[in-house]
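Naming: A, B, ... by sequence-line order, numbering from 1 per chain.
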There are 2 protein chains.
Amino acid sequence: MAIKDKGTEQLIKDTAKRIFFAEGKLHSTTQDIANAAGVSRTLLHYYFRSKDQLINIVFKDAMDELGSRLDNVMDADRPFKEKMENLIDVFVTEAMAFPYQETFLITEINSANSVIYNEYKTAKLKSFLKQIESEMVAGNIETMNPIHFMMNLFSLMAYPLVMSPLYKQFFKLSDKAFKNLIIERKKLICKMIFK
Amino acid sequence: MAIKDKGTEQLIKDTAKRIFFAEGKLHSTTQDIANAAGVSRTLLHYYFRSKDQLINIVFKDAMDELGSRLDNVMDADRPFKEKMENLIDVFVTEAMAFPYQETFLITEINSANSVIYNEYKTAKLKSFLKQIESEMVAGNIETMNPIHFMMNLFSLMAYPLVMSPLYKQFFKLSDKAFKNLIIERKKLICKMIFK
DNA sequence: ATAATGTTTTACAAAAATGTCAAACATTAA
DNA sequence: TTAATGTTTGACATTTTTGTAAAACATTAT
């Protein structure tokens, strides 16, 4: 009942997101979600009509959230390097809380018979790619296809968190030690992508 | 019937791996797998007794495969940089064919009540981390915790392929264009991890 | 107070996924 | 050939998961 009273609907959604994005339990049933939320499973149907609907809403939310997170940082009217530092901080912090958000999206896309997911606004992306190119011309970052630059950036931020269960055991790291490594990475990534 | 006659058991396993690792359809049912293999679903029980058993075997195979792939490259008695070039080539090529292998592993680990997965041989890892440190001392690569070095390396190789459905649409890339980018990355990654 | 509306639960129904069994079929060995 | 063994399938049973309906409960407005 604790968090419950911001509304049951929101509670169910948040619980589903926690299970999928934070815990990475992609095979969870409606019963699992209801239990974790401490409500009856029927409520899930009352508010979302079907499991598919709930998944669709969670999916859409995640896509939108991903999009607007990118927007916020790319928009900001600040020097490029500062923007990148900010992006890395925001993104890694979010990824620490919800490491499997993108994994969930990809799995849904791959599993779906036909998913409709949003087109991303081209203008904003193009302008951002241009900025990256300018930085290359200015000699601040290595010259390459700016798409590579973006893929490198996201890879370095996201992948270690996705892999954390394997990395923790492979490198014999405690939760705490692993968390510290990830925090270290914020600066490390910055060093890596700038000359 | 085409690939069928290296034995039905192998066919089923290979089909399961294709569906999970190549297509990323992590929610597939036994029926899905049987259909894709062109056999009756009962055969899957005849050879593997239960879905869980099949999953366990596929899981174990994937873990072993991952382990021995690492071994092969780390063992090789060659100069460090050459070893890394080889590792990147082997790993990226494999990841192009089976981009979701690690995602599958992680999802299984997270979903399982209690998974037993192999301890990795410590000796080999330690010696490899030492080699990385030597390269840092020699000034060939940037100084950092060698675990970061390894995480960087795997991130840069694996993550873009995991994300390909999103990247293709975000960057408006055809399958072919995307594939070319990935091949480009082999050299790019090498440049990034060496000074 | 009570009607109207919204929320939650219980009990049940339906569908989907997994598992079993026995019979049909194929292959090999005696 | 035919018994023995291994493979495959179809029909059925069980379990798991999802979905529905009606009643109980709560809240709000009149």
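- The distance between atom NE2 of His27(B) and atom P of dT17(D), rounded to the nearest whole Å, is 14 Å.
- For the residue pair Thr29(B) and Asp32(B), a side-chain donor N or O sits within less than 3.5 Å of a side-chain acceptor on the partner.
- In this structure, the NE2 atom of His45(B) is 17 Å from the P atom of dA22(C), given to the nearest Å.
- Taking side-chain N and O atoms only, Thr8(A) has no distance below 4.0 Å to OP1 or OP2 of dT7(C).
- In this entry the distance linking CD1 of Ile33(A) with P of dT17(D) reads 12 Å, nearest Å.
- For Phe48(B) and dA17(C), the CZ to P distance is 20 Å, given to the nearest whole Å.
- Evaluation of the side chain to side chain donor-acceptor pair (under 3.5 Å) test over residues 43-55 of chain B, restricted to residues two or more places apart or in two chains, returns none.
- At dT7(D), one or more side-chain N or O atoms of Tyr46(B) fall inside 4.0 Å of OP1 or OP2 (strictly under the cut-off).
- Looking at Arg69(A) and Glu65(A), a side-chain N of the basic residue comes within less than 4.0 Å of a carboxylate O on the acidic one, giving a salt bridge.
- Nearest nucleotide to the side chain of Ser50(A), out of dG19(D), dT8(C), dT10(C): dG19(D).
- The separation between Arg41(B) atom CZ and dA11(D) atom P is 13 Å, rounded to whole Å.
- Across all strands shown, Ser40(A) has heavy atoms under 4.0 Å from base atoms, whether or not it also approaches the sugar-phosphate.
- A straight line from CD of Gln31(B) to P of dG19(C) spans 13 Å, rounded to a whole angstrom.
- If you take CG of Leu43(B) and P of dT18(C), they are 16 Å apart, rounded to a whole angstrom.
- For Thr42(A), counting side-chain heavy atoms from C-beta on, the closest listed nucleotide (dA11(C), dT9(D), dT18(C)) is dA11(C).
- When the nucleotides dT9(D), dT18(C), dT8(D) are ranked by their closest atom to the side chain of Tyr47(B), dT8(D) comes out on top.
- Closest approach of Leu173(A) and Tyr167(A) over heavy atoms only: CD1-O, 4.4 Å.
- Heavy-atom minimum distance, Glu102(B) versus Pro99(B): OE1-O, 4.3 Å.
- Atom CG in Asp52(B) sits about 7 Å away from atom P in dG19(C), given to the nearest Å.
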